[in-house]
Amino acid sequence: MLIPENVLFAESHEYVRVENGIATIGLSDYAQQQLGDITYIELPAEGDTVSKGSSVGVIEAVKAASDLYSPISGEIVEINSELESAPELVNQDCYGQGWILKIKISEESELSGLMDNQAYKKHVE
Amino acid sequence: MRTVLYQKHVESGGKIVDFAGWEMPLWYKKGQSAEHHATRKNVGLFDICHMGEFDITGPGSKEMMSKLLTNNVFGMSDGQASYNFMLNQNGGVIDDCIIYKFNDEKWMLVVNAGNIRTDLEWIMENAPGGVTVTDRSDRTAKLDLQGPDSPKIIRDLAGEDVLNKFGFFKFRDGVVIGGIPVLLSRTGYTGEIGFELYFDSDRAVEMWDMLIKAGEKYGIEPCGLGARDSLRTEAGLPLHGHEIRPDVPALNTPWNFVFDWEHDFIGKAALLKIREEGSGHYTIPFIMSGRSKAMPGWNVNLEGVKIGNVVSGVISPTLENRPIGFLMSQTPLETGTKLTFNEEGKSRILEGEISDSPFVKPTSRMKMKNFL
């Protein structure tokens, strides 16, 4: 199971990678393994404003559907449109090509409430 | 509990889950969709050792099986298998099972893993003196080899003669596959042509390795319970505890073919009464309009009014990931009827409609020689 060092994690298994005030959000490797083959991702619209913990999409997988929660507050500046035709990218490369959306962070302080890779490792054990 | 193949599943990267008290693989490394497609296009191998097998022997066994089962036991020939419901007095389904006839006084009944004890108690309660019922589930391995390339694997390992005029729902006992004596049955739970192999559980690891090796050139995949569920749903086959249940009389289902109404069986009177009254539930296939699936337990609504619940829901890899399933309704519904689905207490509403089943055209009944 991959848990990279340079990302933060929410308890609901989304990851956050921060670069220049923009958070790239996706599902952790642990989460995609639990869900199995992902067949569809219902995504929000670019420009939507979201708050921490709100549902921003639905991940449809062979085993179950699960909500995707935003780990932080902000404005959605980009969604990964590749996932419309290739949702399996989340299974194949969740931290790379399988990223889901990008949020312009409005509350920097919320990041301190997320787990680092060590804490997340304990969380999923 | 674990089957004798548990270690194999772990070594093969199986994601292990609990199923009726058994630690079973849900899928392996390549994932459920790859396993599903392999079975439809090539061949899949399933560990089904958790299921139950009973030997039923002695004078009076035919009469007993006929009374316990819904299909035409008296009409069976030696070497034939038959799919059945076993009902309680209210017409609810204690279990669904396959009965194998060796001769009038020798039968094998194959039952669901979670129902072994209940079934055994029920059969013993109804067994007359002279009939012996032996539970040999622990010492019997069962592997399912399913898919259009499965006959080639059997041919390669046991010779082509074994498959000569081998019809659907027929079985051959004592077939030697790589030195292991097998009861080879042309049955399955995927809708594809294929086999169920019953043999000594001490040989299970050996058999598993042999089939995987022999199947390599045909693209064999080991398949978990996830693919088993999506395959059976596409093929329009019920899963006990979902489409068929002890607390729901088994009337108005897509599986009317399991009933031979000409003979007396336990539960028949209750079903006839329900049919006369026009009461009872309807078990009906549905297909979703979008790409999100309705899950078991979700509400089913007709014109905004709740009429029932989803009992099974899977994503269909063969239908390009359209979600399909079965629902239980209080009213009959025509194919094409538009419905909505929602989780109780949730506002997200999905759309779908009543479908026909099977959802995909299976190869299970086609001639064996077409696959060699």
Side-chain angles (χ1 to χ4, degrees), chain A residues 1-3 12-13 26-45 48 50-51 53-70 79-98 100-101 124-125, chain B residues 13-19 24-38 221 223-231 233-234 288-298 310 312-325 341-343 346-352:
Chain A
M1 186 192 357
L2 279 171
I3 305 180
S12 46
H13 306 289
L27 267 193
S28 75
D29 192 36
Y30 173 83
Q32 70 80 15
Q33 280 185 21
Q34 291 297 313
L35 286 170
D37 296 340
I38 292 167
T39 58
Y40 172 60
I41 301 177
E42 194 180 291
L43 290 168
D48 283 3
V50 297
S51 54
S54 63
S55 174
V56 288
V58 178
I59 311 277
E60 193 70 41
V62 287
K63 190 175 165 196
S66 66
D67 282 312
L68 179 75
Y69 297 102
S70 182
I79 58 163
N80 185 355
S81 53
E82 296 263 314
L83 299 181
E84 278 169 34
S85 58
E88 65 274 14
L89 286 173
V90 177
N91 293 116
Q92 291 162 2
D93 187 16
C94 62
Y95 298 112
Q97 289 183 69
I100 298 175
L101 48 94
V124 298
E125 269 170 8
Chain B
K15 178 182 163 60
I16 306 296
V17 294
D18 175 80
F19 177 79
M24 299 297 287
L26 186 59
W27 54 68
Y28 300 87
K29 274 187 205 134
K30 288 194 183 167
Q32 182 175 328
S33 306
E35 294 165 20
H36 183 111
H37 287 307
E221 288 294 335
C223 299
L225 294 178
R228 189 167 164 84
D229 196 34
S230 51
L231 288 159
T233 306
E234 284 183 353
M288 302 304 287
S289 308
R291 298 176 70 182
S292 297
K293 68 176 171 297
M295 297 290 287
W298 282 28
V310 174
S312 278
V314 300
I315 285 166
S316 164
T318 310
L319 301 178
E320 294 171 337
N321 291 337
R322 276 280 288 279
I324 57 173
F341 301 83
N342 73 293
E343 188 176 359
K346 295 268 175 81
S347 57
R348 184 169 181 255
I349 289 175
L350 304 180
E351 292 176 354

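Only heavy atoms go into these numbers, but all of them, side chains included; no hydrogens, no water, no symmetry mates. Proteins come first, then strands; the chains are lettered A, B, ... in the order of their sequence lines, and each starts at number 1.
Between A:Val62 and B:Ser33 the shortest heavy-atom distance is CG1-OG, 4.1 Å. Heavy atoms only, all atoms of each residue included: B:Ile315 and A:Glu60 are closest at CD1-CG, 3.8 Å. The minimum heavy-atom distance between A:Glu42 and B:Ser292, with the atom names listed, is OE1-OG, 3.9 Å. The minimum heavy-atom distance linking B:Lys293 with A:Ala65 is given by the pair NZ-N, 4.1 Å. Of all the heavy atoms in B:Trp27 and A:Gln34, the pair that sits closest is CH2-O, 3.8 Å. Scanning all heavy atoms of the two residues, the minimum distance from A:Lys63 to B:Leu26 falls at CD-CD2, 3.7 Å.
Heavy atoms closer than 4.5 Å to chain B are found in both the backbone and the side chain of A:Ala64. For B:Lys15, the part lying under 4.5 angstrom from a heavy atom of chain A is the side chain only.
Taking CG from A:Asp37 and NE2 from B:His36, the interatomic distance works out to 11.5 Å, rounded to the nearest 0.5 Å.
By the 6.0 Å contact criterion, CD on A:Glu82 is open, its count of non-hydrogen atoms from other residues, nucleotides or ligands being 12 or less.
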